[in-house]
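Report on the structure given below.
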Amino acid sequence: MPIRSRLLDFVGDAEAVPPTGGDNNPRHGRSRLLDYDGGIDPGVPAHADGAGPKPGVPAYHTAVFVPAHPRYADIADAKGHPARVPLIAYELFAHPEDGTVALAFTTLEKLVSALGPAQPWIAASIGPLAEGMREHGARVRLDPEVAPGHHNWQEADLATYAREVS
């Protein structure tokens with residue numbers, strides 16, 4: 001059974017319309033997260049108790065590429081006026097053995113190879129990602145094998161999504 005995105009479980013049946021006049025050969029952007037890194041020393045233990053990572057487990061602040069996309073919550077501000085608050089939604093996937101999982105990739109090329117060039121993503125640290133997922137009963141699969149050709153996002157999906165959130 002292939003890993004399947006659960007994103008569409010939360011989206012209505014919007015008809016995808018291809019973008020017009022756009023670049024048909026998209027280039028992969030680069031997250032600027034590491035531009036603001038500030039030089040985290042990988043030799044410093046990630047936890048206050050001095051425990052380092054277990055053998056085979058990436059260091060706590062290792063950067064990974066994670067399927068995610070912007071979302072907006074429509075709320076009322078302190079004065080009761082409508083407001084739109086931006087947030088990032090991690091995409092969770094149904095895994096045949098582990099239930100609900102987040103996928104993380106050690107390189108952008110691995111993410112694109114597994115999920116396709118239209119897949120939205122963010123760069124994050126593996127440690128906080130794993131802790132956050134654990135708090136919600138999910139696991140993180142690092143560099144998982146994904147059945148080829150099962151891309152959840154196509155260029156037309158990005159155009160439809162952009163219209164929905166604008």
How many angstroms lie between atom [atom1] of [X] and atom [atom2] of [Y], to the nearest 0.5 angstrom?
| X | Y | atom1 | atom2 | answer |
| --- | --- | --- | --- | --- |
| L92 | L103 | CG | CG | 9.0 Å |
| R84 | D77 | CZ | CG | 14.5 Å |
| K110 | E145 | NZ | CD | 11.0 Å |
| D157 | Q119 | CG | CD | 10.0 Å |
| I122 | Y90 | CD1 | OH | 4.0 Å |

Is the side chain of [X] donor-acceptor paired with the backbone N or O of [Y] at a distance under 3.5 Å, no angle test?
| X | Y | result |
| --- | --- | --- |
| D143 | T106 | yes |
| S125 | P128 | no |
| H136 | A138 | no |
| T62 | P58 | no |
| D98 | V101 | no |

For [X] and [Y], work out which heavy atoms get closest and say how close.
| X | Y | answer |
| --- | --- | --- |
| A118 | E155 | CB-N, 3.8 Å |
| V140 | A130 | CG2-CA, 3.8 Å |
| A59 | I126 | O-CG2, 3.2 Å |

Compare all side-chain heavy atoms of [X] with those of [Y] and state whether any distance is below 4.5 angstrom.
| X | Y | result |
| --- | --- | --- |
| P144 | F93 | no |
| E131 | Y60 | yes |
| L111 | P67 | yes |
| M133 | R139 | no |
| F105 | V64 | no |

Next on the checklist: Less than 6.0 angstrom separating the ring centers of W153 and H69, yes or no?
Outcome noted: yes
Item to check | Hydrophobic cluster (4.5 angstrom, side-chain heavy atoms) - remaining members for I75 | outcome: V85
Checklist entry - Partners of S113 by side-chain contact (heavy atoms from CB on, under 4.5 Å), sequence neighbours excluded? => result none
